[in-house]
Structure formats: structure tokens, C-alpha cells
Amino acid sequence: MRSFSPAVLFFAASFLTVFTSGAAAQQPDYSDLLISLLNGYQKVMTADLSDSPGDTSGAAWELIAETVRQGFLRFTIDPMNEGIVDGARFYASPEEEVARIYLSFPLLEFSQERPGTAYGILTRAIAEAAAFFGSPDLWWNAQNDALDRFVLTKASYRLQAEMIRNRLVSAELDPGLLGNFVLKSFENDGLTGTLLYLEGLSLSVSASLEEYRDTFRETGDADSLRTDLLALGKELTEARTNLPADAADSRVYPAAVAVHTWLELTPGLIAEIHRTDEDDNIDFGEIFSKESEYTALRSRMEIFRIKDMPLIYHIMENTRKGFELR
């Protein structure tokens with residue numbers, strides 16, 4: 001896999017053009033496509049927006065450009081990724097000195113026809129990279145905490161929406177079906193629809209869990225945290241149970257995602273009750289054995305999740321495929 005730095009993009013593009021001009025290539029030169037994408041993105045992100053206060057996407061790019069210049073981040077082609085919606089992703093490892101943003105072949109091809117859409121997709125990876133370089137400890141902690149990971153995901157979509165609104169529109173670049181969907185979701189429902197259909201997670205459930213966690217961290221009241229978590233889980237279970245057997249997928253899907261979100265995001269909150277500075281290594285098996293009511297509720301909810309996951313996967317897959325149409 002080859003990597004490129006924005007600091008040498010113009011030279012690299014000129015060099016490749018000289019050696020490929022006149023060639024009857026059977027397939028795109030993905031190095032050229034990557035360079036073209038990054039040069040175009042850089043042009044959009046460095047446009048003067050002095051009249052637009054709070055330009056978070058521009059600030060994120062400024063941070064990332066500096067880390068690239070310093071050699072801490074590279075842009076790399078990922079030949080294994082066949083997606084477009086997920087065609088750009090940030091990667092960091094404690095065992096490697098250089099972090100990377102990977103871009104897929106399909107996204108690079110797509111960027112030639114729909115640059116605005118590609119810029120929006122790239123912005124999500126830029127957002128996570130900026131989170132990493134801005135607050136590395138918080139980023140690493142989020143890799144082991146599902147709720148914190150969700151918060152990062154939500155922030156990346158927010159940055160994407162703000163970039164589309166503040167930069168793509170002013171540059172008269174079409175954000176495409178995906179970009180318009182994310183922007184309208186951001187403006188109309190606070191990204192509820194985006195997270196529901198692109199991530200298969202419920203924003204309302206996660207917001208409640210964040211609130212419970214914040215309260216617990218302020219008060220240390222473990223009983224109150226348990227009560228809130230259990231009450232929410234029972235409410236979601238009842239909502240799913242009460243749906244008729246012949247309910248339309250459009251009704252089942254949000255309820256199924258809500259149950260799935262609770263199951264995904266609550267283990268870390270329960271763990272906070274038991275993990276202390278002196279005993280930080282207690283595992284989930286031991287924790288669940290001490291939380292019998294929580295464990296029993298999980299078992300009931302898992303029955304619905306097992307039943308509903310095919311529907312969740314199906315709707316998410318079809319949604320993504322729709323956004324990847326050229």
C-alpha cells in the first residue's frame with residue numbers, strides 16, 4: 001500500500017502525469033486518484049471562511065495538515081476495502097509511530113464522479129483523526145468503551161454535516177444523496193436518522209445512557225444508575241414486545257435498533273460500578289454474575305436482538321447501497 005503527504009501532492013501529481021500521459025491504461029491509476037482527491041479536498045478546506053464563525057471542519061483539517069507535515073499521519077490506499085460509504089477510515093496503533101487514513105479503491109473511483117460526496121466521507125475520517133491528535137488519551141479510552149466510541153462516531157457525522165453546510169455549499173459542490181441525507185438529518189433531527197440507518201444505533205437511547213453516566217460520575221449513586229438502566233431496558237423491551245407480529249419493517253426497525261443499542265452500550269456503564277482504581281481488571285463475566293437483574297434483562301432482550309439482527313443488517317446494507325449508486 002502506498003502513502004502520500006499533502007506537502008508533496010502537487011509534485012507527486014505532476015510526476016505521475018508525466019509518466020502516464022499517453023498510456024492506454026486498462027484501469028485507473030489509484031495513486032493519481034488519491035492525489036486528486038486530496039488536492040481537491042485541501043482546496044475546499046483552505047478556502048477563506050472568515051465570515052463563518054465556528055468553522056470546526058476547517059480547524060480539524062488545519063490540525064490534520066500539521067500532523068501530516070510533521071510525519072505523524074499518512075494517507076494510504078486500502079485494497080481490501082470495497083465500500084464507498086465506509087471508504088475512508090482512520091487507524092492508529094500503539095505499536096506504530098504513524099497513524100493512517102485508509103481510502104478504498106471504490107471511493108477513489110467514486111470521487112471522480114462525485115467529489116462532493118467523497119469529501120464528505122473523507123471528513124468523517126478526518127474528524128476521528130483530529131479527535132485522536134487533539135485528545136489521544138480520550139481517543140484510546142474510547143476504543144475500550146462502546147458509549148464513548150458512539151460519542152466519537154456522532155461527532156464525526158456532525159463535522160461532516162458542518163463541512164457540507166459551510167464549505168461544499170459555498171463551493172457549489174453537490175454533496176450527493178449521502179451528504180444531503182446527513183445534512184438534513186443534522187438540521188432536522190440532530191443526526192437521529194443518520195445514526196439509525198447508517199450505524200444501526202439509537203441516538204435517543206445513547207443520550208439517556210450518557211445522562212445516566214454523567215449523573216453517576218457526579219454522585220457515585222450506583223443504585224440510581226442500576227435503576228435507570230433497568231427501567232430504560234424494560235421500556236425498550238415492552239415497546240418491542242407490543243409490536244404486532246405483522247408490523248411493517250419501518251415500525252420494527254427503530255424498536256429493534258433501540259434494543260440493540262441498549263445491549264451494546266450498557267455493559268461499560270454497569271462495569272463502572274464495580275471497577276475501581278484498585279480493581280480495574282475485573283472482567284464482564286464476574287460483573288454480570290454480580291448483577292443478576294441486569295443479566296436476566298439482557299437475556300430477555302437478546303432474544304429480540306437475535307430475531308431482529310437480519311432485519312437490521314438488511315436495512316443498513318440496502319441504505320448504504322442506495323447511497324453508493326453513481
Side-chain angles (χ1 to χ4, degrees), residues 60 63-64 67 72-73 78 81 86 88-102 124-159 191 195 198-222 225-226 228-230 232-233 257-291 294-295 297-299 301-302 305 309 312 316:
L63 171 61
I64 293 312
T67 62
F72 297 127
L73 177 69
D78 180 2
N81 186 347
D86 290 326
R89 64 182 180 89
F90 173 72
Y91 172 81
S93 168
E95 300 171 354
E96 299 181 18
E97 295 182 357
V98 178
R100 298 180 184 276
I101 289 179
Y102 287 104
R124 289 196 53 227
I126 295 293
E128 183 155 359
F132 172 77
F133 287 106
S135 302
D137 289 342
L138 292 178
W139 189 90
W140 285 117
N141 289 338
Q143 306 315 299
N144 298 310
D145 186 290
L147 183 55
D148 283 340
R149 184 69 197 158
F150 179 86
V151 171
L152 285 181
T153 299
K154 179 173 60 176
S156 73
Y157 279 112
R158 179 184 180 89
L159 196 77
L191 294 173
L195 294 163
L198 293 180
E199 298 296 327
L201 291 169
S202 167
L203 182 60
S204 62
V205 172
S206 72
S208 295
L209 298 180
E210 285 185 69
E211 180 182 347
Y212 302 159
R213 183 175 66 177
D214 290 344
T215 300
F216 172 69
R217 289 177 175 178
E218 291 174 5
T219 66
D221 189 341
L225 176 59
R226 286 191 188 92
D228 289 338
L229 291 179
L230 292 171
L232 178 60
V257 167
V259 168
H260 170 66
T261 302
W262 188 95
L263 288 167
E264 286 293 295
L265 303 187
T266 56
L269 276 70
I270 285 291
E272 282 204 28
I273 296 173
H274 298 275
R275 288 177 175 162
T276 65
D277 292 338
E278 296 78 20
D279 188 15
D280 190 48
N281 293 321
I282 183 172
D283 61 34
F284 281 113
E286 186 175 352
I287 291 170
F288 288 172
S289 70
K290 295 180 178 181
E291 297 288 344
Y294 170 81
T295 302
L297 179 57
R298 279 192 69 87
S299 296
M301 296 177 76
E302 283 285 7
R305 177 156 73 167
M309 283 312 295
I312 293 176
M316 288 180 62

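Atom set for the values below is all heavy atoms of this structure, side chains included, hydrogens, waters and symmetry mates excluded. Since this is a predicted model, take the numbers as computed values, not measurements.
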side-chain contact (heavy atoms from CB on, under 4.5 Å) evaluation trace for L225 with T215:
CA-CA 8 Å; L225 176 59; T215 300; over 6 Å; no
Quick one: do T266 and Y294 satisfy side-chain contact (heavy atoms from CB on, under 4.5 Å)? Show the steps, please.
CA-CA 10 Å; T266 56; Y294 170 81; 2.7 Å; yes
I would like to know whether L201 and F150 meet side-chain contact (heavy atoms from CB on, under 4.5 Å); could you show each step before the answer?
CA-CA 9 Å; L201 291 169; F150 179 86; 3.4 Å; yes
Go through it in stages, so that I can follow the logic: the residues are Y91 and E96, the test is side-chain contact (heavy atoms from CB on, under 4.5 Å), and I'd like the CA-CA distance, side-chain angles, deciding distance and then a yes or no.
CA-CA 10 Å; Y91 172 81; E96 299 181 18; 4.0 Å; yes
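The side-chain hydrogen bond (donor to acceptor under 3.5 Å, both in side chains) search around S135 returns none, not counting sequence neighbours. Every residue two or more places apart in sequence or in another chain was checked for a side-chain contact (heavy atoms from CB on, under 4.5 Å) with E97, and none qualifies. Judged as a ring pair (Phe, Tyr, Trp, His ring centres under 6.0 Å), and not counting sequence neighbours, Y212 has no contacts. Remark: S202 pairs with S204 by the side-chain hydrogen bond (donor to acceptor under 3.5 Å, both in side chains) rule, at least two apart or across chains. In this structure R226 satisfies the salt bridge (Lys or Arg N to Asp or Glu O under 4.0 Å) test together with D223, E291, sequence neighbours excluded. Considering only residues two or more places apart in sequence or on other chains, F132 meets the ring pair (Phe, Tyr, Trp, His ring centres under 6.0 Å) condition with F90, W139, W140. Under the side-chain hydrogen bond (donor to acceptor under 3.5 Å, both in side chains) criterion, S156 pairs with R124, sequence neighbours left out. Among residues two or more places apart in sequence or in another chain, the salt bridge (Lys or Arg N to Asp or Glu O under 4.0 Å) test is passed with E302 by R298, R305. Shown here are the salt bridge (Lys or Arg N to Asp or Glu O under 4.0 Å) partners of D221, two or more places apart in sequence or in another chain: there are none. When the salt bridge (Lys or Arg N to Asp or Glu O under 4.0 Å) test is applied to R213, the partners found at least two apart in sequence or on another chain are D145, D148.
Contact between L232 and S208 at its shortest, heavy atoms only, is CD2-CB, 4.0 Å. Of all heavy-atom pairs between A130 and I64, the closest is N-CD1, 3.5 Å. Residues L159 and A127 approach most closely at CD2-CB, 3.4 Å, considering heavy atoms. Shortest non-hydrogen contact noted between H260 and I312 is CB-CD1, 4.3 Å. Of all heavy-atom pairs spanning A142 and L152, the tightest one is CB-CD1, 3.6 Å. Listed here is the closest heavy atom pair of G134 and L63: N-CD2, 4.1 Å.
Rounded to the nearest 0.5 Å, atoms CG (L209) and CH2 (W262) are 9.0 Å apart. Taken to the nearest 0.5 Å, the CD1 atom of I273 stands 7.0 Å off from the CG atom of L229. With values rounded to the nearest 0.5 angstrom, S299 atom OG is found 11.0 Å from M301 atom CE. Here R217 contributes atom CZ and T219 contributes atom OG1; the two are 12.0 Å apart, rounded to the nearest 0.5 Å. Note: Y157 OH to E199 CD = 3.5 Å, rounded to the nearest 0.5 Å. Here I126 contributes atom CD1 and L73 contributes atom CG; the two are 7.0 Å apart, rounded to the nearest 0.5 Å.
L203 is listed as a side-chain neighbour of S206, based on a closest heavy-atom distance under 4.5 Å.
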